[in-house]
Colleague: 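Got a structure for you, questions after.
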Number of protein chains: 2
Amino acid sequence: MTHPFQELIDHLPANARSELSLAKGEFLFRQQQPAAAIFAIISGRIRLFRDLPDGSSVTLHVARSGETFAEAALFAENYHCHAQAELETKVMRLNSRPLLEAIALHKDLGLHLSQILAAQVRDMRAMLCLRDIRSADERLLAWLRMKARGEQMNVAIDRPWAGISEELGLTKEAVYRSLTRLQREGLIERADRQGRERSEVIRLMRRP
Amino acid sequence: MTHPFQELIDHLPANARSELSLAKGEFLFRQQQPAAAIFAIISGRIRLFRDLPDGSSVTLHVARSGETFAEAALFAENYHCHAQAELETKVMRLNSRPLLEAIALHKDLGLHLSQILAAQVRDMRAMLCLRDIRSADERLLAWLRMKARGEQMNVAIDRPWAGISEELGLTKEAVYRSLTRLQREGLIERADRQGRERSEVIRLMRRP
DNA sequence: CGATAATTTGATCAATATCAAATATCGTGG
DNA sequence: CCACGATATTTGATATTGATCAAATTATCG
């Protein structure tokens, strides 16, 4: 798995990064603790949440395999939330200090970091936009359109629909049913279903 | 209105920025057109959407007053979507060239840009997280908790609930009803309702 | 004071969540 | 290669909730 940060990582001294393993329930860092690194998930899942003065807490993010998190910690004195492993989890740790030094030295890196973050902003805005679509069919269709590549408007589905459903903010049942409806209405075609590559391709049909 | 980009803007030569007025329906830029600037909305609303090979289109974002957009255009050859004013709209335009030059010169600016973007990423992740909460009451409560400041857990509401409802992905009716339910259950208190400052304060009650 | 926008309450409906269960597929070890 | 368990996909029945449409009330601003 190659992270968006890969190029940054490659320009860092070896001692700037390390790999950590966390048991389920273990904390990667705690709210208030001095911020010293940002992270990328290799495998597993980390929940970020904040304790509030009234004793309650709010979840701010659940980071999954391949994702980075705590980027804002680069610019903060302390972490503003807890990071707890929800599963046995492996993360890559990038120390702020050498990262900032590398950026100061090599100004392309700073821009590159901005580029990575700008892409994330763009993608997340699109996901938020999707969430504004109330109808399951329309939301799924919009998601497929965003993912579609090429003149053919094909979308390769490379992971279980259950995960995609979560991303869409729908239950898996709702998504499966939408898929059948969209297919029945001729808006999509499903192919390669049986392939041993455990992958499926959705083709969007020309029909604005 | 002070943008997050303000500090960046202050470090730019005057000719790097300009203010544009768009009529309702007018395009700020078009998909495929060479990318030459990023923008911040002064007033009005801009919809970003992409045309797809099959003739359909998807909305990627609706940027509102105070927001910036097209940041990724800094790093792209061409715009990857259209930007169209949904209302009469004023935007601040920041030309990519001088912006990139200023960053190359003054490396703090690059970091500062990263910082702005990292904050946006953090905030948007939190908003996405909110959307995963299905119950209107819970979602609103979580939003209030995120916004709450200080030991007192007060939230200043400085704009109509209709706008907040949209941000939450709920209708205004749903939000008003949630507010009364939460109040009835003693989870929140509403104060300063009548104030001529047209603002209201929600106080979260200690009750984890 | 009148006009406009914001807040509130009500009734109804449609859609998705939920719970349950059947079928299909995949991966693995024998 | 096959059997078996785990995971993924699919379909069904039902309930809940928020969307929608409507309308009343209240606040805000000239």
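Throughout, protein chains are lettered first and strands after them, A, B, ... in sequence-line order, and every chain is numbered starting at 1.
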Colleague: Could you check A:D132 against B:V62 for side-chain contact (heavy atoms from CB on, under 4.5 Å), going step by step and ending with a plain yes or no?
Modeller: CA-CA 11 Å; A:D132 287 335; B:V62 177; over 6 Å; no
Colleague: Send over the distance from A:I202 CD1 to D:dT9 P, rounded to a whole Å.
Modeller: 11 Å
Colleague: Find the distance A:E200:CD to C:dT25:P and express it as a whole number of Å.
Modeller: 12 Å
Colleague: With a 3.5 Å distance limit and no angle check, can you tell me whether A:Q183 reaches the backbone of A:I188 through a side-chain donor-acceptor pair?
Modeller: no
Colleague: Under the 3.5 angstrom rule, does the side chain of B:D51 hit a backbone N or O of B:S57 as a donor-acceptor pair?
Modeller: no
Colleague: Please state how far atom CD1 in A:I133 lies from atom P in C:dT16, giving the value in whole angstrom units.
Modeller: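 It works out to 12 Å between those atoms.
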Colleague: For D:dT11 and A:R181 - does any side-chain N or O of the residue sit under 4.0 Å from the phosphate oxygens OP1/OP2?
Modeller: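 Result: no.
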Colleague: Rounded to the Å, how far apart are B:L182 CG and C:dT8 C1'?
Modeller: 16 Å
Colleague: Return the minimal non-hydrogen interatomic distance between B:L60 and B:C81, and the atom names on each side.
Modeller: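 Minimum heavy-atom contact is CD1-CB, 3.7 Å.
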Colleague: Name the atoms and distances for all side-chain donor-acceptor pairs under 3.5 Å in residues 37-50 of chain A, with sequence neighbours left out.
Modeller:
residue, atom, partner, partner atom, Å
A:R45, NE, A:E86, OE1, 2.6
A:R45, NH2, A:E86, OE1, 3.1
A:R47, NH1, A:T59, OG1, 2.6
A:R50, NH2, B:M146, O, 3.3

Colleague: Just how large is the angle between the end axes of the helix from C:dC1-D:dG30 to C:dG30-D:dC1, five pairs per end, to 10 degrees?
Modeller: 50°
Colleague: Which heavy atom of A:L130 sits nearest to which heavy atom of A:R139, and what is that distance?
Modeller: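 Looks like O-CG, 3.4 Å.
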Colleague: Between residues 160-173 of chain A and DNA chain C, which residues have a heavy-atom gap below 4.0 Å?
Modeller: A:G169, A:L170, A:T171, A:E173
Colleague: Before you tell me yes or no, could you show the steps for A:L28 and A:Y79 under side-chain contact (heavy atoms from CB on, under 4.5 Å), namely the whole-Å CA-CA distance, both residues' side-chain angles and the distance that decides it to 0.1 Å?
Modeller: CA-CA 11 Å; A:L28 176 58; A:Y79 290 111; over 6 Å; no
Colleague: Side chains of A:E167 and A:R64: does their closest heavy-atom pair fall under 4.5 Å?
Modeller: no
Colleague: Taking C-beta and beyond as the side chain, do B:L99 and B:L109 meet within less than 4.5 Å on heavy atoms?
Modeller: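 Result no, sub-4.5 Å side-chain heavy-atom pair not found.
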Colleague: Please list all pairs passing the salt bridge (charged side-chain N to carboxylate O under 4.0 Å, His left out) test where one or both residues lie in residues 11-35 of chain B, with sequence neighbours left out.
Modeller: none
Colleague: Looking at B:Y176, does any N or O in its side chain come under 4.0 Å of the phosphate oxygens OP1/OP2 on C:dT8?
Modeller: no
Colleague: So how far is it from B:L187 CG to B:S178 OG, rounded to the nearest 0.5 Å?
Modeller: 11.0 Å
Colleague: D:dA19 P sits how many Å from A:D132 CG, rounded?
Modeller: 11 Å
Colleague: Report the C-alpha separation of A:T171 and A:S165 in whole Å, then their side-chain angles, then the decisive distance to 0.1 Å, and conclude whether the side-chain hydrogen bond (donor to acceptor under 3.5 Å, both in side chains) test is met.
Modeller: CA-CA 6 Å; A:T171 59; A:S165 307; over 6 Å; no
Colleague: Provide a list of protein-nucleic acid N or O atom pairs under 3.5 angstrom, restricted to nucleotides 13-16 of chain D.
Modeller:
residue, atom, partner, partner atom, Å
D:dA13, N6, A:R177, NH2, 3.2

Colleague: Applying side chain to side chain contact (heavy atoms under 4.5 Å, CB included) between A:D54 and each of B:Q152, B:E151, B:M153, report the one that passes.
Modeller: B:M153
Colleague: For DNA chain D, which residues of residues 134-143 of chain A approach it to below 4.0 angstrom with any heavy atom?
Modeller: A:R134
